[in-house]
Trainee: 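Handing you this structure, nothing more for now.
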Amino acid sequence: MRRTTDVAPPAKPSTPATAARRDPATTPSRRKSPRPHGGWTPWLYLAPALAVLGALLVYPVYQLGLISFLEYTQAQVSGGEPTRFRGLANYTGLFADDQFGQVLLATVGFAAACVLGTLAVGCALAVLLTRVRALPRLALLLAALGAWATPTITGSTVWLFLFDPDFGPVNRLLGLGDFSWTYGRYSAFLLVLLEVVWCSFPFVMITVYAGIRAVPGEVLEAAALDGASQWRIWRSVLAPILRPILGIVTVQSVIWDFKVFTQIYVMTGGGGIAGQNLVLNVYAYQKAFASSQYSLGSAIGVVMLLLLLAVTLGYLRLLRRQGEDL
(Lines give C-alpha, C1' and ligand atoms only; values in the text may rest on other atoms or scores of the structure.)
Protein backbone atom coordinates (compact mmCIF):
# COMPACT_ATOMS: atom_id res chain seq x y z
CA MET A 1 0.00 0.00 0.00
CA ARG A 2 1.10 3.50 -0.76
CA ARG A 3 1.30 5.77 2.22
CA THR A 4 -0.12 9.25 1.89
CA THR A 5 1.81 12.08 3.45
CA ASP A 6 0.53 15.56 4.32
CA VAL A 7 1.92 18.07 1.90
CA ALA A 8 2.10 21.68 3.02
CA PRO A 9 0.51 24.24 0.66
CA PRO A 10 2.91 26.43 -1.27
CA ALA A 11 3.86 29.63 0.46
CA LYS A 12 2.43 32.86 -0.96
CA PRO A 13 4.97 35.25 -2.40
CA SER A 14 5.69 38.05 0.02
CA THR A 15 4.91 41.54 -1.11
CA PRO A 16 6.63 44.72 0.14
CA ALA A 17 3.56 45.55 2.19
CA THR A 18 3.49 42.16 3.97
CA ALA A 19 7.24 42.28 4.46
CA ALA A 20 6.94 45.67 6.05
CA ARG A 21 4.22 44.38 8.35
CA ARG A 22 6.39 41.41 9.39
CA ASP A 23 9.57 43.38 9.88
CA PRO A 24 9.44 45.09 13.29
CA ALA A 25 12.22 47.42 12.28
CA THR A 26 10.13 48.92 9.51
CA THR A 27 6.81 48.85 11.34
CA PRO A 28 5.91 52.39 12.45
CA SER A 29 5.33 52.73 16.15
CA ARG A 30 1.74 53.43 17.14
CA ARG A 31 2.84 55.44 20.09
CA LYS A 32 2.44 59.15 19.66
CA SER A 33 5.72 60.95 19.68
CA PRO A 34 6.05 63.38 22.52
CA ARG A 35 5.18 66.95 21.62
CA PRO A 36 8.17 69.20 21.34
CA HIS A 37 8.64 71.59 24.19
CA GLY A 38 10.37 74.90 23.86
CA GLY A 39 11.41 74.97 27.50
CA TRP A 40 11.71 78.40 29.01
CA THR A 41 12.57 80.17 25.78
CA PRO A 42 9.03 81.41 24.95
CA TRP A 43 8.55 82.66 28.50
CA LEU A 44 11.81 84.58 28.32
CA TYR A 45 10.55 86.41 25.24
CA LEU A 46 7.21 87.10 26.94
CA ALA A 47 8.71 88.18 30.27
CA PRO A 48 9.01 91.93 29.49
CA ALA A 49 5.43 92.16 28.22
CA LEU A 50 4.13 90.10 31.15
CA ALA A 51 5.98 92.35 33.59
CA VAL A 52 4.43 95.49 32.09
CA LEU A 53 0.96 93.94 32.01
CA GLY A 54 1.35 92.79 35.60
CA ALA A 55 2.32 96.24 36.76
CA LEU A 56 -0.44 97.99 34.82
CA LEU A 57 -3.30 95.51 35.20
CA VAL A 58 -2.89 93.03 38.03
CA TYR A 59 -2.50 95.50 40.91
CA PRO A 60 -5.36 97.85 39.79
CA VAL A 61 -7.66 94.87 39.30
CA TYR A 62 -6.70 93.60 42.76
CA GLN A 63 -7.47 97.00 44.29
CA LEU A 64 -10.76 97.18 42.39
CA GLY A 65 -11.84 93.80 43.71
CA LEU A 66 -10.70 94.62 47.24
CA ILE A 67 -12.62 97.91 47.43
CA SER A 68 -15.76 96.18 46.12
CA PHE A 69 -15.86 94.09 49.33
CA LEU A 70 -15.42 97.07 51.65
CA GLU A 71 -17.51 99.97 52.85
CA TYR A 72 -15.56 102.73 51.17
CA THR A 73 -17.19 106.14 50.85
CA GLN A 74 -16.05 109.73 51.29
CA ALA A 75 -16.08 109.24 55.05
CA GLN A 76 -13.51 106.45 54.81
CA VAL A 77 -11.42 108.35 52.25
CA SER A 78 -11.16 111.40 54.52
CA GLY A 79 -10.41 109.24 57.55
CA GLY A 80 -13.54 110.21 59.46
CA GLU A 81 -14.75 106.59 59.75
CA PRO A 82 -12.89 103.29 59.69
CA THR A 83 -13.05 101.04 56.65
CA ARG A 84 -15.26 98.00 57.27
CA PHE A 85 -15.45 94.69 55.44
CA ARG A 86 -18.91 94.11 53.96
CA GLY A 87 -18.38 90.89 52.01
CA LEU A 88 -20.94 90.48 49.24
CA ALA A 89 -23.26 93.19 50.57
CA ASN A 90 -22.24 95.63 47.83
CA TYR A 91 -23.03 93.06 45.16
CA THR A 92 -26.36 92.01 46.65
CA GLY A 93 -27.42 95.65 46.94
CA LEU A 94 -26.29 96.28 43.37
CA PHE A 95 -28.26 93.37 41.88
CA ALA A 96 -31.29 94.31 43.97
CA ASP A 97 -31.30 97.78 42.38
CA ASP A 98 -33.79 97.97 39.49
CA GLN A 99 -31.81 100.75 37.81
CA PHE A 100 -28.74 98.51 37.60
CA GLY A 101 -30.74 95.87 35.72
CA GLN A 102 -32.07 98.46 33.27
CA VAL A 103 -28.60 99.93 32.72
CA LEU A 104 -27.14 96.46 32.19
CA LEU A 105 -29.74 95.58 29.54
CA ALA A 106 -29.25 98.95 27.83
CA THR A 107 -25.47 98.43 27.82
CA VAL A 108 -25.70 94.95 26.31
CA GLY A 109 -28.13 96.07 23.59
CA PHE A 110 -26.16 99.22 22.78
CA ALA A 111 -22.83 97.35 22.65
CA ALA A 112 -24.30 94.63 20.40
CA ALA A 113 -25.66 97.24 17.97
CA CYS A 114 -22.30 99.04 17.92
CA VAL A 115 -20.38 95.81 17.27
CA LEU A 116 -22.69 94.74 14.44
CA GLY A 117 -22.59 98.21 12.87
CA THR A 118 -18.81 98.45 13.14
CA LEU A 119 -18.26 95.00 11.62
CA ALA A 120 -20.73 95.61 8.80
CA VAL A 121 -19.26 99.00 7.80
CA GLY A 122 -15.65 97.90 8.25
CA CYS A 123 -16.02 94.66 6.27
CA ALA A 124 -17.99 96.35 3.47
CA LEU A 125 -15.39 99.08 3.08
CA ALA A 126 -12.57 96.50 3.22
CA VAL A 127 -14.11 94.69 0.25
CA LEU A 128 -14.60 98.05 -1.48
CA LEU A 129 -10.89 98.81 -1.09
CA THR A 130 -10.09 95.74 -3.16
CA ARG A 131 -12.39 96.88 -5.97
CA VAL A 132 -11.37 100.52 -6.48
CA ARG A 133 -8.29 102.03 -8.07
CA ALA A 134 -5.25 103.33 -6.28
CA LEU A 135 -6.28 107.00 -5.91
CA PRO A 136 -9.79 106.37 -4.45
CA ARG A 137 -8.28 103.67 -2.23
CA LEU A 138 -5.71 106.11 -0.88
CA ALA A 139 -8.38 108.77 -0.26
CA LEU A 140 -10.59 106.27 1.62
CA LEU A 141 -7.67 105.05 3.71
CA LEU A 142 -6.65 108.60 4.65
CA ALA A 143 -10.23 109.51 5.56
CA ALA A 144 -10.56 106.37 7.71
CA LEU A 145 -7.25 107.00 9.44
CA GLY A 146 -8.35 110.58 10.13
CA ALA A 147 -11.52 109.32 11.83
CA TRP A 148 -9.51 106.76 13.79
CA ALA A 149 -6.90 109.29 14.94
CA THR A 150 -9.46 111.88 16.07
CA PRO A 151 -9.64 112.11 19.89
CA THR A 152 -12.88 110.73 21.26
CA ILE A 153 -13.97 113.91 22.98
CA THR A 154 -13.25 115.95 19.83
CA GLY A 155 -15.21 113.57 17.63
CA SER A 156 -18.13 113.57 20.05
CA THR A 157 -18.21 117.38 20.09
CA VAL A 158 -18.11 117.56 16.28
CA TRP A 159 -20.97 115.09 15.98
CA LEU A 160 -23.00 117.10 18.47
CA PHE A 161 -22.52 120.17 16.31
CA LEU A 162 -23.46 118.31 13.11
CA PHE A 163 -26.76 117.19 14.69
CA ASP A 164 -27.43 120.39 16.60
CA PRO A 165 -31.15 121.39 16.28
CA ASP A 166 -30.29 125.08 15.75
CA PHE A 167 -27.00 125.23 13.85
CA GLY A 168 -26.34 121.67 12.66
CA PRO A 169 -26.39 120.96 8.90
CA VAL A 170 -27.90 117.46 9.25
CA ASN A 171 -31.34 118.66 10.35
CA ARG A 172 -31.39 121.16 7.49
CA LEU A 173 -30.47 118.52 4.92
CA LEU A 174 -33.06 116.09 6.28
CA GLY A 175 -35.72 118.76 6.79
CA LEU A 176 -36.14 117.94 10.49
CA GLY A 177 -36.35 121.54 11.68
CA ASP A 178 -35.44 121.94 15.35
CA PHE A 179 -35.60 118.21 16.15
CA SER A 180 -33.36 117.41 19.14
CA TRP A 181 -31.51 114.13 18.75
CA THR A 182 -30.38 114.04 22.37
CA TYR A 183 -33.84 114.58 23.88
CA GLY A 184 -35.33 111.17 23.11
CA ARG A 185 -33.80 108.01 24.50
CA TYR A 186 -33.54 106.00 21.28
CA SER A 187 -32.53 108.96 19.10
CA ALA A 188 -29.74 109.79 21.55
CA PHE A 189 -28.54 106.19 21.55
CA LEU A 190 -28.66 106.23 17.73
CA LEU A 191 -26.59 109.40 17.59
CA VAL A 192 -23.96 107.95 19.92
CA LEU A 193 -24.00 104.68 17.97
CA LEU A 194 -23.22 106.51 14.72
CA GLU A 195 -20.29 108.27 16.35
CA VAL A 196 -18.95 105.03 17.85
CA VAL A 197 -19.15 103.25 14.48
CA TRP A 198 -17.50 106.24 12.77
CA CYS A 199 -14.48 106.16 15.07
CA SER A 200 -14.26 102.33 15.27
CA PHE A 201 -14.73 101.02 11.71
CA PRO A 202 -11.20 101.98 10.48
CA PHE A 203 -9.62 99.30 12.69
CA VAL A 204 -11.93 96.64 11.27
CA MET A 205 -11.55 97.93 7.71
CA ILE A 206 -7.74 97.96 7.68
CA THR A 207 -7.42 94.61 9.49
CA VAL A 208 -9.89 92.82 7.21
CA TYR A 209 -8.40 94.49 4.11
CA ALA A 210 -4.96 93.17 5.05
CA GLY A 211 -6.48 89.71 5.44
CA ILE A 212 -8.20 89.87 2.05
CA ARG A 213 -4.94 90.90 0.37
CA ALA A 214 -3.34 87.75 1.81
CA VAL A 215 -5.95 85.47 0.18
CA PRO A 216 -4.62 83.90 -3.05
CA GLY A 217 -6.08 85.59 -6.11
CA GLU A 218 -6.72 82.24 -7.78
CA VAL A 219 -9.34 81.41 -5.15
CA LEU A 220 -11.31 84.58 -5.81
CA GLU A 221 -10.95 84.21 -9.59
CA ALA A 222 -12.26 80.64 -9.44
CA ALA A 223 -15.29 81.77 -7.43
CA ALA A 224 -15.96 84.60 -9.89
CA LEU A 225 -15.67 82.24 -12.87
CA ASP A 226 -18.21 79.94 -11.24
CA GLY A 227 -20.69 82.84 -11.33
CA ALA A 228 -20.67 83.70 -7.62
CA SER A 229 -21.83 87.18 -6.71
CA GLN A 230 -19.79 89.48 -4.48
CA TRP A 231 -21.99 88.67 -1.50
CA ARG A 232 -21.64 84.92 -2.16
CA ILE A 233 -17.86 85.25 -2.49
CA TRP A 234 -17.72 87.03 0.83
CA ARG A 235 -20.05 84.61 2.60
CA SER A 236 -18.72 81.33 1.19
CA VAL A 237 -15.06 82.10 0.41
CA LEU A 238 -13.65 85.11 2.24
CA ALA A 239 -15.49 84.86 5.55
CA PRO A 240 -14.38 81.25 6.28
CA ILE A 241 -10.79 82.07 5.37
CA LEU A 242 -10.80 85.27 7.42
CA ARG A 243 -12.51 83.71 10.43
CA PRO A 244 -9.50 84.11 12.80
CA ILE A 245 -9.14 87.78 11.82
CA LEU A 246 -12.88 88.36 12.19
CA GLY A 247 -12.70 86.73 15.61
CA ILE A 248 -9.98 89.14 16.72
CA VAL A 249 -11.78 92.27 15.53
CA THR A 250 -15.06 91.03 17.02
CA VAL A 251 -13.53 90.51 20.46
CA GLN A 252 -11.81 93.90 20.28
CA SER A 253 -15.06 95.60 19.27
CA VAL A 254 -16.99 93.91 22.07
CA ILE A 255 -14.46 95.11 24.65
CA TRP A 256 -14.35 98.66 23.29
CA ASP A 257 -18.08 99.11 22.79
CA PHE A 258 -19.12 97.49 26.07
CA LYS A 259 -17.10 100.03 28.06
CA VAL A 260 -18.03 103.16 26.10
CA PHE A 261 -17.83 106.18 28.35
CA THR A 262 -16.71 109.40 26.66
CA GLN A 263 -19.27 109.40 23.84
CA ILE A 264 -22.20 108.80 26.18
CA TYR A 265 -20.97 111.25 28.79
CA VAL A 266 -20.26 114.08 26.32
CA MET A 267 -23.10 113.64 23.84
CA THR A 268 -25.91 112.97 26.33
CA GLY A 269 -24.74 115.27 29.12
CA GLY A 270 -23.74 112.56 31.57
CA GLY A 271 -26.37 109.94 30.74
CA GLY A 272 -29.34 111.72 29.23
CA ILE A 273 -32.49 113.12 30.78
CA ALA A 274 -33.22 111.31 34.07
CA GLY A 275 -30.47 108.80 33.25
CA GLN A 276 -32.29 107.37 30.23
CA ASN A 277 -29.03 106.87 28.29
CA LEU A 278 -26.89 105.44 31.06
CA VAL A 279 -24.47 102.60 30.33
CA LEU A 280 -22.47 100.66 32.89
CA ASN A 281 -19.31 102.74 32.62
CA VAL A 282 -21.17 106.03 33.13
CA TYR A 283 -23.30 104.44 35.86
CA ALA A 284 -20.15 103.32 37.70
CA TYR A 285 -18.70 106.83 37.36
CA GLN A 286 -21.83 108.37 38.85
CA LYS A 287 -21.86 105.94 41.76
CA ALA A 288 -18.16 106.26 42.51
CA PHE A 289 -17.47 109.96 41.99
CA ALA A 290 -20.80 111.80 41.86
CA SER A 291 -22.23 109.92 44.86
CA SER A 292 -18.88 109.10 46.53
CA GLN A 293 -19.89 105.43 46.80
CA TYR A 294 -16.55 104.06 45.70
CA SER A 295 -17.32 100.52 46.78
CA LEU A 296 -20.44 100.36 44.58
CA GLY A 297 -18.52 101.82 41.66
CA SER A 298 -15.83 99.16 42.15
CA ALA A 299 -18.47 96.42 42.28
CA ILE A 300 -19.86 97.62 38.94
CA GLY A 301 -16.33 97.55 37.53
CA VAL A 302 -15.84 93.96 38.70
CA VAL A 303 -19.15 92.93 37.13
CA MET A 304 -18.11 94.51 33.84
CA LEU A 305 -14.74 92.75 33.96
CA LEU A 306 -16.35 89.35 34.57
CA LEU A 307 -18.88 89.86 31.79
CA LEU A 308 -16.17 90.82 29.30
CA LEU A 309 -14.05 87.83 30.31
CA ALA A 310 -17.02 85.49 29.92
CA VAL A 311 -17.91 86.85 26.47
CA THR A 312 -14.31 86.78 25.25
CA LEU A 313 -13.53 83.28 26.53
CA GLY A 314 -16.84 81.95 25.22
CA TYR A 315 -16.21 83.38 21.76
CA LEU A 316 -12.65 82.02 21.64
CA ARG A 317 -13.89 78.60 22.75
CA LEU A 318 -16.48 78.66 19.97
CA LEU A 319 -13.78 79.42 17.41
CA ARG A 320 -11.61 76.57 18.70
CA ARG A 321 -14.55 74.17 18.42
CA GLN A 322 -14.86 75.19 14.79
CA GLY A 323 -11.27 74.18 14.20
CA GLU A 324 -9.51 77.51 14.36
CA ASP A 325 -5.99 77.58 15.78
CA LEU A 326 -5.96 80.55 18.17
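Side chains are part of it too, since the values below use all heavy atoms of this structure and drop only hydrogens, waters and symmetry mates.
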Trainee: State yes or no: do Met304 and Leu296 share one hydrophobic cluster built from I, L, V, M, F, W and Y residues joined by side-chain heavy-atom distances below 4.5 Å, directly or via other members?
Mentor: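 No, Met304 does not connect to Leu296 through the hydrophobic network.
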
Trainee: So that I can tick it off, tell me whether Arg86 and Glu71 are bridged by a salt bridge, with the cut-off set at under 4.0 angstrom between side-chain N and carboxylate O.
Mentor: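 Here Glu71 does not pair with Arg86 in a salt bridge, since their nearest N and O are not under 4.0 Å apart.
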
Trainee: Nearest 0.5 angstrom please: Tyr72 OH to Leu66 CG, how far?
Mentor: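 So the gap between those two atoms works out to 9.5 Å.
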
Trainee: Is there a path of hydrophobic side-chain contacts, each under 4.5 Å between heavy atoms, that joins Leu88 and Phe100?
Mentor: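 Hydrophobic grouping puts Leu88 with Phe100.
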
Trainee: If I compare all heavy atoms of Phe69 with all of Gly65, which pair ends up nearest, and what's the gap?
Mentor: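 Shortest heavy-atom separation between Phe69 and Gly65 comes out as CD1-O, 2.9 Å.
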
Trainee: May I ask whether Ile255 and Leu53 are part of the same hydrophobic cluster, defined by side-chain heavy atoms of I, L, V, M, F, W, Y residues being less than 4.5 angstrom apart, directly or through others?
Mentor: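 Per the 4.5 Å side-chain linkage, Ile255 and Leu53 are not co-clustered.
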
Trainee: Using 0.5 Å steps for rounding, measure from the CG atom of Asp226 to the CD atom of Glu221.
Mentor: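 Between Asp226 CG and Glu221 CD, I get 12.0 Å after rounding to 0.5 Å.
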
Trainee: Rounded to the nearest 0.5 Å, what's the gap from CD on Gln263 to SG on Cys114? Could you check?
Mentor: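 Atom-to-atom, Gln263:CD and Cys114:SG are 8.5 Å apart.
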
Trainee: Can Leu125 and Tyr209 be said to form a side chain to side chain contact (heavy atoms under 4.5 Å, CB included), step by step?
Mentor: CA-CA 8 Å; Leu125 292 179; Tyr209 173 68; over 6 Å; no

Trainee: State whether the number of non-hydrogen atoms from other residues, nucleotides or ligands found under 6.0 Å of Arg232 atom CZ is greater than 12.
Mentor: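 No, CZ of Arg232 has 12 or fewer neighbouring heavy atoms, counting only those of other groups under 6.0 Å.
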
Trainee: Under the side chain to side chain contact (heavy atoms under 4.5 Å, CB included) rule, what do Ser295 and Leu70 come out as? Steps first, then yes or no, please.
Mentor: CA-CA 6 Å; Ser295 53; Leu70 304 175; 5.6 Å; no

Trainee: Should we say atom OH of Tyr183 is surrounded by more than 12 heavy atoms from elsewhere, each under 6.0 Å from it?
Mentor: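 Not buried by this count: 12 neighbours or fewer within 6.0 Å.
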
Trainee: Other residues, nucleotides and ligands only: do more than 12 of their heavy atoms fall within 6.0 Å of CZ on Phe110?
Mentor: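 For Phe110, atom CZ is crowded (more than 12 foreign heavy atoms under 6.0 Å).
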
Trainee: Quick one: OG1 on Thr92 to CG on Asp97, what's the gap to the nearest 0.5 Å?
Mentor: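 So the OG1 of Thr92 and the CG of Asp97 are separated by 11.5 Å.
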
Trainee: Could you measure the distance from the CD atom of Gln230 to the CG atom of Leu238? Nearest 0.5 Å is fine.
Mentor: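 These two atoms lie 9.0 Å from each other.
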
Trainee: Does Phe203 have its ring centroid less than 6.0 Å away from the ring centroid of Trp256?
Mentor: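 When the ring centroids of Phe203 and Trp256 are compared, they turn out to be within the sub-6.0 Å range.
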
Trainee: If you draw a 6.0 Å radius around OH in Tyr294, do more than 12 non-hydrogen atoms from other residues or ligands fall strictly inside?
Mentor: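 Yes, OH of Tyr294 has more than 12 neighbouring heavy atoms, counting only those of other groups under 6.0 Å.
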
Trainee: Is the ring pair Tyr285/Phe289 parallel, tilted or perpendicular, if the boundaries are 30 and 60 degrees?
Mentor: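 Tyr285 and Phe289: tilted rings.
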
Trainee: Nearest 0.5 Å, please: how far is CZ in Arg131 from CD1 in Ile212?
Mentor: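 Result: 8.0 Å between the selected atoms.
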
Trainee: Could you check whether atom OH of Tyr62 has more than 12 heavy atoms from other residues, nucleotides or ligands sitting under 6.0 Å from it?
Mentor: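 Counting other residues, nucleotides and ligands, OH of Tyr62 stays at 12 neighbours or fewer.
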
Trainee: Determine yes or no for a side-chain-to-main-chain donor-acceptor pair under 3.5 angstrom, with Thr150 supplying the side chain and Gly146 the backbone.
Mentor: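 It does hold such a pair.
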
